[in-house]
A.B. asks: 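First, the structure itself, so that you have it in front of you.
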Amino acid sequence: MSNKIDAIGLLTGGGDAPGLNAVIRAVVRTAVGHFEWDVVGFYDGYAGLIEKRSRKLEMDDVSGLLTRGGTILGTSNKANPFAWHLGEGESRQTVDRSQETVSAIRSMGLDALVCIGGDGTLSIAHGLHEMGVPVVGIPKTIDNDLCENDRTFGFDTAVATATEALDRIHTTAESHHRVMVVEVMGRNAGWLALESGIAGGGDIILIPEIPYSLDAICEKIMWRNRSGRHFSIVVVAEGAMPEGGEKVVARVVEDSPDPVRLGGIGNAVAHAIEERLDLETRVTVLGHLLRGGTPTAFDRILASRFGSEAVHLLARGQSGRMVRLAGADITSVGIDRVANRQRLVPPDHPLIRMARETGVCFGDGEC
Ligand code: F6P
């Protein structure tokens, strides 16, 4: 494929996140409006690419998108050209359709592909780049767990939504003298639980990176009661687990690259607290609520900067890269450094240290 760009493809893959439409808008405005390229949007992530379901995106198509949640292109966290699932049950098989995918990109006259997504989407993008497709990745996930990047878009909105929920939970917890357990998303990384837990005044924050002990949790709750605070807020990431225990699996999605879906740890923790302490406990699972809605101003700006920089990278003849936020700057990094890696919360992270010093218990020996 040549260095000169006339047309690019665009897709959104993996779970949706607030700000996806703002990225699409920025890519189209920069590519079509500024560079006068054509932009073809594929429906439902890599599924649209393989099944040749797409539409040309014009300036009018992205009008009003800055504030809109979800993705106008649709997304999928199942479609993978390198491991495409065919058939059901006994006759089910997995085939490699990557060569066909590369041919489709060429036959459509596309000079490059912009892939917006998380770890799975960007790992596939890396694979396509290795096969000669000029690709630029844009990091997205409300979990904020992509390596080589300080902030994914969508995370700030999810933190704001969870914080508002915690503020509301606080007042009812206090009125009823209850323990309120709030489960948030965060499969392997606890960034969302950590930041919303701090912002929402959580007393106990449980994250996947720090296995918890029920003794420590109950001791903290009883200490609060003895100090005259007859309610407690426990924020728990869906991937949190007890010392020596396992994550709670809600379902297995067979044809997904990462088939395990978590959920249920909030109920498990609440049940265990009620069994041990004579305190009424309630659970709220925020789940997919955290992925929806209007992006915050921060996410709209980050999404716009990412989308614009992705197009500029291609215009400068650079590909095989992911745009990223490094401090206050938008730069880029080789997509190979991001694929199949995860950015977890270091247990000695300054936020954890500060939270501990201001009285937050992480369910371990240091409460
Ligand atoms: O990638 C973000 C994420 O929100 C995870 O925290 C969560 O485990 C997963 O997506 C849920 O995905 P699904 O849409 O398949 O339920």
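The figures that follow rest on heavy atoms only: side chains count, while hydrogens, waters and symmetry mates do not. All ligand and atom numbering here is 1-based and tracks the order in the structure.
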A.B. asks: How would you list, by chain and number, every residue that makes a ring-ring contact (aromatic ring centres under 6.0 Å, His included) with His230, sequence neighbours excluded?
C.D. replies: none
A.B. asks: Does Thr12 use its side chain to pair, donor to acceptor, with the backbone of Gly74 at less than 3.5 Å?
C.D. replies: yes
A.B. asks: Does the ring of Tyr43 carry Arg55 above it, NZ/CZ under 6.0 angstrom from centre and within 45° of its axis?
C.D. replies: no
A.B. asks: Looking at every non-hydrogen atom in both residues, tell me the closest pair between Asp258 and Arg187 and how far apart they are.
C.D. replies: OD2-NH1, 3.2 Å
A.B. asks: Any protein N/O atoms within less than 3.5 Å of an N/O atom in ligand 1? List the atom names and distances, or say none.
C.D. replies:
from, atom 1, to, atom 2, distance (Å)
ligand 1, 4 (O), Arg291, NH1, 3.2
ligand 1, 6 (O), Asp143, OD1, 3.0
ligand 1, 6 (O), Asp143, OD2, 2.9
ligand 1, 6 (O), Gly186, N, 3.3
ligand 1, 6 (O), Glu238, OE2, 2.9
ligand 1, 8 (O), Glu238, OE2, 2.6
ligand 1, 10 (O), Arg291, NH1, 3.0
ligand 1, 12 (O), Arg291, NH1, 3.3
ligand 1, 14 (O), His288, NE2, 3.3
ligand 1, 14 (O), Arg291, NH1, 3.2
ligand 1, 14 (O), Arg291, NH2, 2.8
ligand 1, 15 (O), Asn77, ND2, 3.2
ligand 1, 15 (O), Arg261, NE, 2.5
ligand 1, 16 (O), His288, NE2, 2.8

A.B. asks: So does Asn188 get a backbone contact from the side chain of Lys247, meaning a donor-acceptor N/O pair under 3.5 Å?
C.D. replies: no
A.B. asks: Determine, for Arg316 against Glu309, whether the closest basic-nitrogen to carboxylate-oxygen distance falls under 4.0 angstrom.
C.D. replies: yes
